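For reference, the structure is listed below as structure tokens.
Both backbone and side-chain heavy atoms feed into the values below; hydrogens, waters and symmetry mates do not. Everything quoted here is computed from the prediction, not taken from an experiment.
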There are 2 protein chains.
Amino acid sequence: MKPDQELVEKIRSFNRFYTNVIGLLDQYFLDSPFSLTEGRVLYEICNTEECSAKKIRENIVIDEGYLSRILESFSKRGLIKKTPSPKDGRLRIIVPTEKGKREFANLNNNSNSLISQLIGKLSEEERENLLNKMEGIRILLEKAK
Amino acid sequence: MKPDQELVEKIRSFNRFYTNVIGLLDQYFLDSPFSLTEGRVLYEICNTEECSAKKIRENIVIDEGYLSRILESFSKRGLIKKTPSPKDGRLRIIVPTEKGKREFANLNNNSNSLISQLIGKLSEEERENLLNKMEGIRILLEKAK
DNA sequence: CAAAAATACTTGACTTTGTCAAGTATTTTA
DNA sequence: TAAAATACTTGACAAAGTCAAGTATTTTTG
């Protein structure tokens, strides 16, 4: 086995493990009015200045038509307002309504409480430790890009 | 903001980041004859002694009927052999064929090369560092369960 | 400046993926 | 030994995602 091969296998093992962790944490979508993808879209809408479908697609990989329909559904549900950009008539500026913001906050709370649960049994020190490792991984992987 | 709230938010941020990493690494399924779920099932089949649908469902969350159909399709594609267990006639023992093993190895190679690519720009020291952090996270989260 | 190309979004038709519930065969329990 | 439980299968359906053509607007270019 090449020296690297073992490392790669261990990283894959971690990925399988962490895929499960994420899967568990995503359970909060089950009793929400949103699918996972809708949740991600809503996240982008609530965290992007001058949001548009174009900008959303810069951040998440999603089919243009599919996204268009999700936005249409959000609009019908009263979660967002779409208005043509005055600067560029091709763009639709997307703004969350109060209701949209509320539902997003709700979703966040549910997600947060699952995470709180996950780290519930860890001591303060262990939690810091966990976060340090996470941030370390991020720095390394971002560097590697 | 509660002291924990900030930590939770940072963990979520890492999760979003890592979801993307995993998404990128899962691209290797795109030009394979398997869907992501099929890949996971095949993984279980190739890594479980006396494998059966029951055992697969102990390791991955999947609808019983859906799994049954995936296994049926694997069988038709000549990737596995299903035979009733002599010990318990309700169970079907699943064994990968040579072809199944080959295709699984193939899938692994593709996945491995994407990971190699991911860590390609890291030094030996950084790689070890990365793995240490991953294993640290796993230990912490498994402890927290 | 007008025609062509590109961009942003929408829509229709379709495939894939996943779910739910009822059904069959076998084993375990009472 | 009848009833309940388990392991798997099947049919009908719903949700999620993809592909390609179409519309409106803007940018590029000869």
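Ion pairing between B:R40 and B:E44 fails under the 4.0 Å rule for side-chain N and carboxylate O.
Rounded to whole Å, atom P of D:dT9 lies 11 Å from atom CG of B:L91. Regarding B:I94, its CD1 atom lies at a distance of 11 Å from the C1' atom of D:dA7, rounded to whole Å. Between A:K54 atom NZ and C:dT10 atom P the separation is 15 Å, expressed in whole Å. Distance A:L30 CG to D:dA16 P: 11 Å, rounded to the nearest Å. Between A:K87 atom NZ and C:dC9 atom P the separation is 14 Å, expressed in whole Å. Atom-to-atom, CG of B:L71 to C1' of D:dT10 comes out at 14 Å; the value is rounded to the nearest Å. One interatomic measurement links the two molecules: CD of A:E58 to P of C:dT7, which rounds to 13 Å at whole-angstrom precision.
Ring planes of B:F14 and B:F17: tilted class, angle from 30 to 60°.
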> Quick one: what's the B/S/- string for nucleotides 12-25 of chain C, heavy-atom cutoff under 4.0 Å, read 5' to 3'?
Replying inline: BB---SBBB-----
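For B:E128, the salt bridge (charged side-chain N to carboxylate O under 4.0 Å, His left out) test picks out no residue, with sequence neighbours left out. By the side-chain hydrogen bond (donor to acceptor under 3.5 Å, both in side chains) test, A:R77 pairs with A:E38, A:S73, sequence neighbours left out.
Panel note: side chain B:S68, backbone B:E64; no donor-acceptor pair is recorded below 3.5 Å. Side chain of B:R92 to backbone of B:A53: no donor-acceptor contact under 3.5 angstrom is found.
Side-chain N/O atoms of B:K55 include none lying less than 4.0 angstrom from OP1 or OP2 on D:dT6.
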